[in-house]
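Naming: A, B, ... by sequence-line order, numbering from 1 per chain. Fair warning: this is a prediction, and the values are worked out from it, not measured in the lab.
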Amino acid sequence: RKEVEQDPGPFNVPEGATVAFNCTYSNSASQSFFWYRQDCRKEPKLLMSVYSSGNEDGRFTAQLNRASQYISLLIRDSKLSDSATYLCVVRNFNKFYFGSGTKLNVKP
Amino acid sequence: GAGVSQSPRYKVAKRGQDVALRCDPISGHVSLFWYQQALGQGPEFLTYFQNEAQLDKSGLPSDRFFAERPEGSVSTLKIQRTQQEDSAVYLCASSRAQGANTEAFFGQGTRLTVV
């Protein structure tokens with residue numbers, strides 16, 4: 001079983017739509033949680049950290065449910081530039097564990 | 001530069017050839033990670049350094065893979081006798097001292113193709 005599981009998608013949505021991604025992680029002792037964004041043939045870049053209380057950064061909202069070991073990312077008012085692969089990332093001591101990524105295509 | 005720098009960006013190797021991939025982390029970052037990313041997959045952990053000490057190499061797929069960081073800064077990932085299954089993007093990342101919510105910053109990666 002993988003440490004981090006994500007729906008690979010793709011999610012094909014029109015501009016302006018709201019879209020939500022979920023992931024689950026297997027190790028209840030995991031310490032830190034992140035969403036990274038990866039564009040085609042580029043390196044992963046941090047989108048946002050995820051806190052237990054939930055956190056928002058502009059159009060992006062992240063939630064963490066430690067009891068269910070579940071992380072979510074909500075994107076409101078999707079832009080064409082949001083098209084990318086979104087990686088759910090869990091840190092456990094000295095390792096970052098990555099999901100396989102969820103691909104988002106925002107269409108005009 | 002301010003970010004993690006990797007070289008070469010692309011490497012084509014003949015099967016059986018040895019390769020060396022270089023990573024320059026962000027200055028002052030104590031932690032350094034190597035990851036392997038296959039097409040359509042998320043990055044998979046290879047190895048971790050804290051300063052010059054290799055604290056975890058559990059992800060290295062075989063004894064043909066070797067990594068070092070002798071002075072606690074630049075790191076080299078070496079792959080001996082490359083095989084076709086080694087073809088992937090090799091990503092290096094660095095982060096500040098270990099701590100909660102300390103994110104990793106990635107280099108652009110080295111795309112290795114073994115022919």
* Applying side-chain contact (heavy atoms from CB on, under 4.5 Å), run through A:Tyr25 and A:Val89 and close with a yes or a no. => CA-CA 9 Å; A:Tyr25 60 96; A:Val89 184; over 6 Å; no

* Asked: So which residues of residues 34-47 of chain B are in contact with chain A at a heavy-atom cut-off of under 4.5 Å?
  -> B:Tyr35, B:Gln37, B:Gly40, B:Gln41, B:Gly42, B:Pro43, B:Glu44, B:Phe45

* **Heavy-atom donor-acceptor pair, A:Ser30 side chain to A:Val90 backbone, under 3.5 Å** => no

* With respect to A:Asp82, which candidate in A:Lys103, A:Arg59, A:Arg76 satisfies the salt bridge (charged side-chain N to carboxylate O under 4.0 Å, His left out) definition? -> A:Arg59

* **Criterion side-chain hydrogen bond (donor to acceptor under 3.5 Å, both in side chains) on A:Asn105 and A:Asn12, from CA distance to verdict** => CA-CA 5 Å; A:Asn105 296 315; A:Asn12 299 307; 2.8 Å; yes

* Structure fact -> Between the SG atom in A:Cys88 and the CH2 atom in A:Trp35, the distance rounded to the nearest 0.5 Å is 4.5 Å

* Non-hydrogen atoms of chain B under 4.5 Å away: do they reach the side chain of A:Gln38, the backbone, both or neither? -> side chain

* Asked: Taking the six-membered ring for Trp, is the centroid-to-centroid distance between A:Phe34 and A:Tyr51 below 6.0 Å?
  -> no

* To do: Let me know if B:Phe106 has heavy atoms under 4.5 Å from chain A in its side chain, its backbone, both or neither.
  => both

* Assert yes or no for the condition that the ring centre distance of A:Phe96 to B:Phe33 is strictly below 6.0 Å. => yes

